[in-house]
Amino acid sequence: MKIGIVGTGNISSRHLDEFNNMPNVNVEAVCDTNQKNLEIFLSNNKDSDIRGYLSLEEMLEKEKTFDGISNTTPDKFHKETTLQILKSGYNVFCEKPLAENYSDAKDMVNAAVQSKKINMVNFTYRESSAYQKLVQLLKSGEIGNPRHVSACYYQSWLTSNKWGDWREEDKWLWRLSTKHGSNGALGDTGVHIFDFAVNAVGDIKEICTDLKTYFDKGNKIKEYTLDANDGFNSLVRFENGAIGTITNTRYATGHANSLILEVFCTKGALKVELDEERTKWSTLHICIDENINKMAWDTIECPKTPSNYQNFIESIKTNLNMQPDFYQGAKIQNIIDKCIESNEIGRWVDI
Ligand SMILES: NC(=O)c1ccc[n+]([C@@H]2O[C@H](COP(=O)([O-])OP(=O)(O)OC[C@H]3O[C@@H](n4cnc5c(N)ncnc54)[C@H](O)[C@@H]3O)[C@@H](O)[C@H]2O)c1
């Protein structure tokens, strides 16, 4: 299968590796409007015969045999580039967040439905096998009904140099600027933690969100105004009656990239804790039966489950669109819009 990649920045090398590591799947061509980034990508992959282009238009004009295209452009460009890809008749695997807002996300869903092409969004943390098992156990009803949910996403790139200096690199600076299409932590990583919670527990009925931007980190660097939120806390009421908190920050010193989901149900509790190194991604924590009175937790080691990249390829082969699709991407985008609304009016809002 032949794959194209639009955008050769930070995350594109992961897409390249994931696709090229699958049998009979090859990244054939890439494009980027930034010549320097394109050249770095091509020189890092000199041994392959990947062709590079300076625009999506040129790539689509010169390459006619893709089976699918990965969209790894910044959030702001997802809509226009994805619509172009779909219009050209290709299956599309789009990075999260699907769009900048719900209205754009709905346009993307409609275009995907009309095109009848495979459409998926890269909600990475679904790739944890422990998370997949947690979802399966919750849906089976074995643990009873969810009552209380705690979902946290912690990063610390504003307080550590683990991923470089955010003050100097465009790939971090655009994430801090609304003018550059970022909805801050909420749009960047908040989408992951909302997808994580909603896909496991069920839809959210009402939400109350507090967004926070810390201006003491500075107001402006180069052309970037640093006005996007750095973190948020949301109180949520789920359709099924459970309540919960969903939180995310870039100031979580000591955490490179941690997602923690705890679901307390009427017959037990489940917990997953994902780390940057993926060492904990297969371990599910469970407290049920006699352990409930002992405050004791067992662990279940869960066999590896397919990656989103593998599911995208499988969807193309079978013509059955696997999850997470654009519809799910838009559902999460709606929650993001509602968080912004709730923060603005200072009240709970219906989803
Ligand atoms: N799923 C995940 O866990 C995960 C992780 C990191 C990033 N992401 C997402 O991936 C996307 C890219 O993030 P990144 O960190 O790689 O950003 P980046 O800024 O490092 O790279 C984006 C690249 O896209 C290029 N680009 C911009 N507009 C373009 C266009 N119209 N055509 C072709 N190229 C274009 C830029 O020049 C840049 O090289 C974002 O939407 C981000 O949210 C997802």
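This is a predicted model, so every value here is computed, not measured. One-based numbering, in listed order, for ligands and for the atoms of each.
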* To do: Given side-chain hydrogen bond (donor to acceptor under 3.5 Å, both in side chains), test Tyr154 with Tyr251 step by step and report yes or no.
  => CA-CA 8 Å; Tyr154 290 147; Tyr251 276 98; over 6 Å; no
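The option from Asp75, Asp32, Val30, Leu173 that lies nearest to atom 25 (C) of ligand 1, judged by heavy atoms, is Asp32. For atom 12 (C) of ligand 1, the nearest non-hydrogen atom from the set Val191, Val121, Thr72 belongs to Thr72. Compare Ser13, Gly9, Cys31 by their heavy atoms: the one nearest to atom 21 (O) of ligand 1 is in Gly9. Looking at Thr124, Thr81, Asn308, Asp170 and measuring to atom 2 (C) of ligand 1, the nearest heavy atom belongs to Thr124.
With salt bridges taken as basic N to acidic carboxylate O contacts below 4.0 Å, one links Glu206 and Arg237. Between Arg250 and Asp188, at least one side-chain nitrogen of the basic residue sits less than 4.0 Å from a carboxylate oxygen of the acidic one, meeting the salt-bridge criterion. With respect to the salt-bridge test (charged N to carboxylate O, under 4.0 angstrom), the residues Asp107 and Lys79 qualify.
Looking from atom 6 (C) of ligand 1 to the surrounding protein, the closest heavy atom is Ile11 CD1, 3.6 Å. Of the protein's non-hydrogen atoms, Thr73 O, 3.2 Å is the one closest to atom 11 (C) of ligand 1. Nearest protein neighbour of atom 27 (C) of ligand 1, counting heavy atoms only, is Pro74 CD, 3.5 Å. Among protein heavy atoms, atom 4 (C) of ligand 1 sits closest to Glu95 OE1, 3.7 Å.
Counting only heavy atoms from C-beta outward, the side chains of Ser282 and Ser129 approach each other to under 4.5 Å.
Those atoms of ligand 1 that come under 4.0 Å of a heavy atom in His78, given as number and element, are 41 (O). Ligand-side atoms of ligand 1 in range of Lys171: 20 (O), range being under 4.0 angstrom from any heavy atom. Heavy-atom proximity to Thr33, at under 4.0 Å, picks out these atoms of ligand 1: 26 (N), 27 (C), 28 (N), 29 (C), 30 (C), 32 (N), 33 (C), 34 (N), 35 (C). Which parts of ligand 1 touch Asp188 is read off a 4.0 Å heavy-atom cut-off, strictly below it: atoms 43 (O). Near Val6, with a cut-off below 4.0 Å to any heavy atom, the atoms of ligand 1 are 32 (N), 33 (C).
In this structure, Arg175 is part of the shell of residues with a heavy atom less than 4.0 angstrom from ligand 1. Lys76 does not count as a contact of ligand 1, since none of its heavy atoms falls under 4.0 Å from the ligand. Using 4.0 Å as the threshold, Ser12 has no heavy atom nearer than that to any atom of ligand 1.
With ring centers used as reference points, Tyr131 lies 6.0 Å or more from Phe123.
Exactly one residue among Thr209, Ile204, Val198, Ile207 makes a side-chain contact (heavy atoms from CB on, under 4.5 Å) with Ile246. That residue is Ile204.
Between Trp174 and ligand 1, an N or O atom pair is found at a separation short of 3.5 Å. Checked by distance only, ligand 1 and Asn10 come closer than 3.5 Å through their nitrogen or oxygen atoms.
For the pair Lys212 and Tyr214, the cation sits on the ring face: its NZ or CZ lies under 6.0 Å from the ring centre, inside 45° of the axis.
Side-chain N or O atoms of Ser315 include none that pairs as donor or acceptor with a backbone N or O of Ile118 at under 3.5 Å. Of the possible polar contacts, none joining the Asp104 side chain to the Glu100 backbone as a donor-acceptor pair under 3.5 Å is found. No donor-acceptor distance shorter than 3.5 angstrom exists from the side chain of Thr8 to the backbone of Phe41, with no hydrogens or angles considered.
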